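Working notes, structure below.
Note that the coordinates shown come from a computational prediction; the quantities given were computed from them, not determined experimentally. Order of the sequence lines fixes the chain letters, A, B, ..., with proteins taken first and strands second; residue numbering starts at 1 for each chain.
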Protein chains: 2
Amino acid sequence: MPVELTPSQALGLWHSVTLEQVRVDSRDLTLRQMAILLQIYLVPPPHTVRGLAATLGVTKPVITRALDTMGALGLVDRVRDERDRRNVVIKRTVEGALYLEKFGDLIINQGRRLPL
Amino acid sequence: MPVELTPSQALGLWHSVTLEQVRVDSRDLTLRQMAILLQIYLVPPPHTVRGLAATLGVTKPVITRALDTMGALGLVDRVRDERDRRNVVIKRTVEGALYLEKFGDLIINQGRRLPL
DNA sequence: GGCGATCGTTACGCAAGCGTTTCTTTTACG
DNA sequence: CGTAAAAGAAACGCTTGCGTAACGATCGCC
């Protein structure tokens with residue numbers, strides 16, 4: 001079920017969601033961090049540093065740093081892969097799921113509130 | 001005309017748009033910068049540093065710095081208000097309008113492409 | 001077993017953002 | 001006038017992110 005949006009609706013939605021998120025949340029995730037977080041929570045695991053780097057089209061240190069930051073915020077977790085100990089598997093956390101759930105609600109509510 | 005989204009659609013839309021934006025554009029605007037840019041282009045002028053700071057709930061230097069950065073990118077422009085020379089009026093640019101137009105298209109296209 | 005390849009991290013120097021405080025210019029108003 | 005208030009910018013020290021390059025740990029395979 002695709003979502004059909006007019007240009008005004010598309011940018012208006014982004015405007016109100018972004019604005020509200022800035023006002024409400026002190027955790028100011030960058031665009032890249034947000035992309036990584038959504039990728040981890042919306043795409044079936046497993047997720048690795050290398051895989052995320054390839055998906056986003058960025059270098060591996062970018063992923064490592066983003067995981068450092070978001071790990072400190074409790075939004076993601078890292079676990080060594082015991083089958084191949086070179087790999088690190090990125091795990092979801094309860095707090096991260098909660099964060100995205102609230103963010104999803106924000107999008108939905110701002111979508112409803114778009115000018116008629 | 002409100003936009004009705006399911007949680008899966010809301011986050012899925014954000015996911016694909018964010019991901020594509022990271023992949024396509026080297027200009028990595030922060031959430032705050034994006035909020036400022038959208039406010040300038042979607043809300044009727046005039047826009048001032050003080051007004052934007054109040055709207056976003058941040059301090060004035062945050063706005064000044066964001067305008068510095070986005071000004072260097074050609075996305076916005078600053079002009080002294082001749083009626084009250086203490087004020088600075090933030091102006092839109094052709095390049096900024098183009099940037100948001102392309103971004104709007106990205107949202108619309110990713111919305112259409114959401115899983116059925 | 002040894003050796004090249006792979007994975008993630010760390011180190012480095014640099015650029016950009018932050019909050020707080022201070023400064024400059026301009027206005028308002030007694 | 002002249003003095004206080006207001007708007008925006010600049011200064012300060014700090015934190016965080018960047019890209020490139022180098023590094024240690026682990027695997028695969030002969």
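- Take Phe103(A) and apply the ring pair (Phe, Tyr, Trp, His ring centres under 6.0 Å) test, not counting sequence neighbours, and it matches Trp14(B).
- Between the CD1 atom of Ile63(B) and the C1' atom of dC18(C) there is a distance of 13 Å, given to the nearest Å.
- Here the side chains of Leu67(B) and Ile40(B) are in contact, with some heavy-atom distance below 4.5 Å.
- Both Arg65(A) and Pro61(B) sit near DNA chain D, but only Pro61(B) has its closest nucleotide nearer the 5' end.
- Of the possible donor and acceptor atoms, none in the side chain of Arg80(A) sits under 3.5 Å from a partner among the backbone N and O of Val89(A).
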**OP:** Sugar-phosphate means primed atoms, P, OP1 and OP2; the rest is base. With that split, encode nucleotides 23-30 of chain D 5' to 3' as B, S or - using protein heavy atoms under 4.0 Å.
**Re:** ---BS---
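- Heavy-atom neighbours of Arg50(A) CZ from other residues, nucleotides or ligands within 6.0 Å: at or below the threshold of 12.
- Contact annotation: Thr64(A) does not reach the phosphate of dT10(C) (side-chain N/O to OP1 or OP2, under 4.0 Å).
- Rounded to whole Å, the distance from NZ on Lys60(A) to P on dC18(D) is 16 Å.
- Under 4.0 angstrom from either OP1 or OP2 of dG17(C) there lies at least one side-chain N or O belonging to Thr69(B).
- Of the listed residues (Thr93(A), Ile90(A), Leu75(A), Asp77(A)), just one forms a side-chain contact (heavy atoms from CB on, under 4.5 Å) with Met70(A), and that residue is Leu75(A).
- Evaluation of the side chain to side chain donor-acceptor pair (under 3.5 Å) test over residues 94-108 of chain A, restricted to residues two or more places apart or in two chains, returns Gln21(A)-Tyr99(A).
- The distance between atom CG of Leu67(B) and atom P of dA7(D), rounded to the nearest whole Å, is 16 Å.
- The distance from atom OG1 of Thr30(A) to atom CD1 of Ile36(A), rounded to the nearest 0.5 Å, is 7.0 Å.
- For Arg23(A) (side chain) and Thr55(B) (main-chain N/O), a donor-acceptor pair under 3.5 Å exists by modelled atom type.
- DNA chain C is contacted by Arg32(B), Gln33(B) of residues 18-54 of chain B, taking any non-hydrogen atom closer than 4.0 Å.
- Although no hydrogens or angles enter the test, the distance criterion places no donor-acceptor pair under 3.5 Å between the side chain of Thr48(B) and the main chain of Asn87(B).
- Residues from residues 73-80 of chain B that place a heavy atom under 4.0 Å from any atom of DNA chain D, listed by number: Arg78(B).
- Residue pairs that meet the ring-ring contact (aromatic ring centres under 6.0 Å, His included) test with at least one member in residues 28-48 of chain B, sequence neighbours left out, do not exist here.
- Whole-Å rounding puts the Asn87(A) CG to dT9(C) P distance at 11 Å.
- Remark: Leu38(B) CG to Ser16(A) OG distance equals 9.5 Å, nearest 0.5 Å.
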